[in-house]
Amino acid sequence: MKKLNPLLGLVVSLIFTAPLIGIMYIADQLADLPFLPFDFFDWIAFVTPGNLLTFGIDLMIDTLRFFGGAEAVTNAKIAERIMAVGMFAGVGLVIGLLFFVLIRFMNVKPSARWALILTAVFGLPMIGIYLSASQSGTPLFLALPWLIVLFALWGFGVNWAARRLLGPDSVEEEVAAEAPQNSVETLNRRQFLIRLGASTATITAVSGGLGGMLAQAEEAERLAAGNAGSAGTNITSFPNDGDAIIPAPGTRPEYTPIPDHYQVFLRTEPSLIEEADWTLPIGGMVDNPLNLTLTDIRNNYPSRDQFVTLSCISGRIATGLISTTMWTGVSAQDLLASVGVQEGARYLDIESADGFHEIVDLELINNDARIMFAYDWDGQPIPKDHGFPLRIWIPDLYGMKQPKWITGMTVTDEYRQGYWVERNWDEIAQVKTTSVIDTVALDDVETRLGQTIVPVGGIAWAGDRQISKVEVRVDDGEWQEAQLRTPLSETTWVVWRYEWAFQEGEHTFEVRCQEADGTAQIETRKTQRPDGATGIHSFDI
């Protein structure tokens with residue numbers, strides 16, 4: 001019997017794995033059927049040890065920054081999804097390679113038994129991962145048969161291709177043996193693989209392309225539904241309207257349009273919850289356990305509004321993972337008062353739809369009525385991909401301590417580490433004071449008394465500790481105080497402006513700030529792990 005080069009296993013498994021992924025993708029878009037590459041990637045993230053997981057995240061971010069600059073970090077989720085597809089395909093390729101190695105080593109011809117083994121080796125672990133890690137709401141009686149059929153097609157396809165490459169055991173072998181260097185055999189195999197590859201490539205391209213179009217249409221519809229304001233906001237007036245300090249041209253918007261609000265979530269895709277399917281159970285050490293709908297929360301508790309700046313602890317200096325908008329919700333104090341917290345309770349344990357969990361000290365809630373369970377941003381329901389229907393806001397803490405897509409809360413006397421604390425991020429996660437240069441506006445200069453003035457601007461933020469001073473330095477000169485615009489609230493960033501007397505040449509601008517009580521921003525440069533980045537932001541021009 002002829003023997004196959006094991007490397008052909010990589011080619012054959014790729015030929016069948018690519019359309020498998022494409023068909024899964026379009027089925028996901030059309031009928032919400034499982035897309036296992038994302039589930040597999042999410043499962044890997046959940047089971048990977050914290051240090052290794054955060055190393056991988058840092059490596060990906062650093063790579064994106066190296067090739068595309070700081071702006072490329074906004075594509076991190078796209079990179080994750082590409083990695084997810086690549087990892088899933090890699091598993092298929094490895095299984096195909098090992099299959100070809102085995103049939104060569106054992107000197108056997110592929111059969112239906114081998115096809116079933118291939119189906120089981122690839123399919124059963126992936127189906128198990130789907131059952132344990134997927135967010136899909138597809139009923140199992142639909143999802144499981146669908147997955148079994150797909151993996152069976154893959155297994156029997158790889159097996160059939162291997163059998164076809166081996167060919168008949170009689171005439172062709174004699175011809176091949178007489179031909180110099182097996183040229184007839186090589187040509188036949190090559191033709192077979194080219195034709196098979198072209199067919200499956202067509203399936204992959206059509207299914208992937210249509211799936212991508214459907215995904216874009218769904219995303220556009222979701223954004224439109226979540227952002228009714230044509231100008232990017234539904235707020236008609238702001239507390240600092242009329243402030244004399246005008247942001248320097250090129251400074252980021254003081255109020256972030258919802259489509260531009262930063263996103264960080266655990267999984268490759270956000271957890272999308274329908275209001276009709278959602279209730280909030282509150283139990284544990286309470287006298288009056290409740291199971292609330294979103295309508296209950298909206299109608300039965302006083303609402304409160306707060307302009308809020310929120311940032312991600314994983315952001316580097318001058319990160320784009322920071323945004324400001326209006327939050328509306330119910331005070332955590334009011335919500336807990338209605339369930340009757342029992343004596344001895346110390347914590348509120350919060351669960352999220354994406355597997356995230358965090359614990360909040362009840363003493364912190366009792367001492368700060370601003371802590372809220374929010375259901376609106378910018379006067380509209382929180383967008384589904386930003387945490388709808390409910391997320392918590394805690395002043396002065398990074399986003400890693402503030403669950404979204406909340407699905408349950410338990411009042412307890414037992415402490416457990418939050419999701420990211422388990423993965424070696426800081427337990428407290430208090431916001432580090434920071435200041436950033438957004439712009440040196442060379443295209444918007446002014447002339448005063450014969451001197452060219454260049455507006456320089458940016459933001460400074462210290463959680464709810466507020467900002468009292470921002471200073472700018474050019475080329476290691478003296479620190480000069482900038483002008484501060486009145487912030488939207490005590491829990492938002494401050495927009496600052498500095499007017500620089502223009503000098504021709506190359507220059508380095510730096511910025512630093514102080515909190516309301518005079519505490520200086522930490523100038524020593526430190527990476528974001530484990531409790532947030534510190535250091536002076538500089539800007540070369």
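Heavy-atom minimum distance, Lys404 versus Val264: NZ-O, 2.9 Å. The minimum heavy-atom distance between Trp278 and Thr293, with the atom names listed, is CZ3-C, 3.9 Å. The two residues Leu397 and Leu310 have their closest heavy-atom pair at O-CD1, 4.4 Å. Closest approach of Val308 and Trp393 over heavy atoms only: CG1-NE1, 3.2 Å. Pairing each heavy atom of Ile26 with each of Ser207, the nearest pair is CB-O, 3.6 Å. When all heavy atoms of Ile203 and Pro19 are compared, the closest pair comes out as CG2-CB, 3.9 Å.
The list of side chain to side chain donor-acceptor pair (under 3.5 Å) pairs with a residue in residues 9-27, not counting sequence neighbours, reads Thr17-Trp154.
By the 4.5 Å heavy-atom criterion applied to side chains, Thr119 and Leu153 are not counted as neighbours. Looking only at side-chain heavy atoms (C-beta outward), Ile273 and Lys384 stay at 4.5 Å or farther from each other. The closest side-chain heavy-atom distance from Leu294 to Phe388 is below 4.5 Å. Between Leu118 and Phe99, the closest side-chain pair of non-hydrogen atoms falls below 4.5 Å. For the pair Ile117 and Val121, the minimum side-chain heavy-atom distance is below 4.5 Å. Taking the side chain as every heavy atom from C-beta outward, Leu131 and Leu144 approach each other to under 4.5 Å. Between Tyr375 and Pro389, every side-chain heavy-atom pair lies at or beyond the 4.5 Å cut-off. At least one side-chain heavy atom of Met409 sits under 4.5 Å from a side-chain heavy atom of Leu280.
Among residues two or more places apart in sequence or in another chain, the side chain to side chain contact (heavy atoms under 4.5 Å, CB included) test is passed with Thr410 by Asp349. For Glu427, the side-chain hydrogen bond (donor to acceptor under 3.5 Å, both in side chains) partners are Tyr415, not counting sequence neighbours.
At a cut-off of 3.5 Å, with distance as the only test, a side-chain donor of Asn291 or Thr279 sits close to an acceptor on the other residue. In this model, a donor atom of one side chain and an acceptor atom of the other lie less than 3.5 Å apart for Tyr301 and Ser338. No side-chain donor-acceptor contact under 3.5 Å links Asp354 and Gln135.
Salt bridge present: Arg416 and Glu351 bring a charged side-chain N and a carboxylate O closer than 4.0 Å.
One distance of note links CD1 of Ile282 with CD1 of Ile406; it measures 9.5 Å at 0.5 Å rounding. In this structure, the separation between NE2 on His357 and OG1 on Thr407 is 12.0 Å, given to the nearest 0.5 Å. The CD atom of Glu80 sits 11.0 Å away from the CD atom of Glu269 when rounded to the nearest 0.5 Å. Atom CZ of Arg252 is separated from atom CG of Asp260 by 11.5 Å, given to the nearest 0.5 angstrom. Here OG1 of Thr325 is found 3.5 Å from CD1 of Ile258. Values are rounded to the nearest 0.5 Å. The structure places CG of Leu33 at 8.0 Å from CG of Leu147, a figure rounded to the nearest 0.5 Å.
Checked by atom type and distance alone, the side chain of Thr200 pairs as donor or acceptor with a backbone atom of Ile15 at under 3.5 Å. Listed for the Thr256 side chain is no donor-acceptor partner under 3.5 Å among the backbone atoms of Ser323. Using a distance-only test at 3.5 Å, with no hydrogens or angles considered, no donor-acceptor pair links the side chain of Asp378 to the main chain of Met326. Under the 3.5 Å distance criterion, the side-chain polar atoms of Gln29 are left unmatched by any main-chain donor or acceptor of Gly212. With Trp405 contributing its side chain and Ser271 its backbone, the two residues share a donor-acceptor pair below 3.5 Å. At distances below 3.5 Å, at least one donor-acceptor pair connects side-chain atoms of Gln402 with backbone N or O atoms of Ile394. With hydrogens and angles ignored, the 3.5 Å screen pairs no side-chain donor or acceptor of Thr233 with any backbone N or O of Pro257. In this structure, Arg391 contributes its side chain and Pro403 its backbone to no donor-acceptor pair below 3.5 Å. Checked by atom type and distance alone, the side chain of Tyr130 never pairs as donor or acceptor with a backbone atom of Asp39 at under 3.5 Å. Ser352 contributes no side-chain N or O that, together with a main-chain N or O of Gly355, makes up a donor-acceptor pair within less than 3.5 Å.
Taking the centre of each ring, Phe38 and Phe41 stay at or above the 6.0 Å mark.
Around atom CZ of Arg346, no more than 12 heavy atoms belonging to other residues, nucleotides or ligands sit under 6.0 Å away. Atom CE of Met87 sits in a crowded spot, with more than 12 heavy atoms from other residues, nucleotides or ligands closer than 6.0 Å. Within 6.0 Å of the CD atom in Glu414, the count of heavy atoms belonging to other residues, nucleotides or ligands does not exceed 12.
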Next on the checklist: Test side chain to side chain contact (heavy atoms under 4.5 Å, CB included) on Leu335 and Val339; report intermediate values, then the result.
Outcome noted: CA-CA 7 Å; Leu335 195 63; Val339 297; over 6 Å; no
Checklist entry - After noting the C-alpha distance and the side-chain angles of Asp413 and Tyr347, does the key distance pass the side chain to side chain contact (heavy atoms under 4.5 Å, CB included) rule? => result CA-CA 6 Å; Asp413 58 358; Tyr347 305 103; 5.9 Å; no
Next on the checklist: For a side chain to side chain contact (heavy atoms under 4.5 Å, CB included) check, start with the C-alpha distance between Trp160 and Leu196, then their side-chain angles and the critical distance, and finish with the verdict.
Outcome noted: CA-CA 11 Å; Trp160 167 77; Leu196 180 62; 4.0 Å; yes
Item to check | Test side chain to side chain contact (heavy atoms under 4.5 Å, CB included) applied to Val421 and Lys401, step by step | outcome: CA-CA 9 Å; Val421 179; Lys401 300 292 287 185; 4.0 Å; yes
Checklist entry - Is there a salt bridge (Lys or Arg N to Asp or Glu O under 4.0 Å) between Arg298 and Glu275 once you walk through the steps? => result CA-CA 13 Å; Arg298 286 182 178 275; Glu275 182 176 350; 5.6 Å; no
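Between Phe46 and Tyr419, the angle of the ring planes goes over 60°, which puts this pair in the perpendicular group of the 30/60° scheme. Note on ring orientation: taking the six-membered ring where Trp is involved, the planes of His261 and His386 are perpendicular (angle over 60°, cut-offs 30° and 60°).
When the options Leu321, Ile313, Ile322, Asp426 are evaluated for a side chain to side chain contact (heavy atoms under 4.5 Å, CB included) with Tyr398, the one that passes is Ile313. With respect to Phe122, the ring-ring contact (aromatic ring centres under 6.0 Å, His included) criterion is satisfied by exactly one of Phe40, Phe16, Phe88: Phe88.
In this structure, Arg164 forms a cation-pi arrangement with Phe192, its terminal cationic atom sitting closer than 6.0 Å to the ring centre and no more than 45° off the ring axis.
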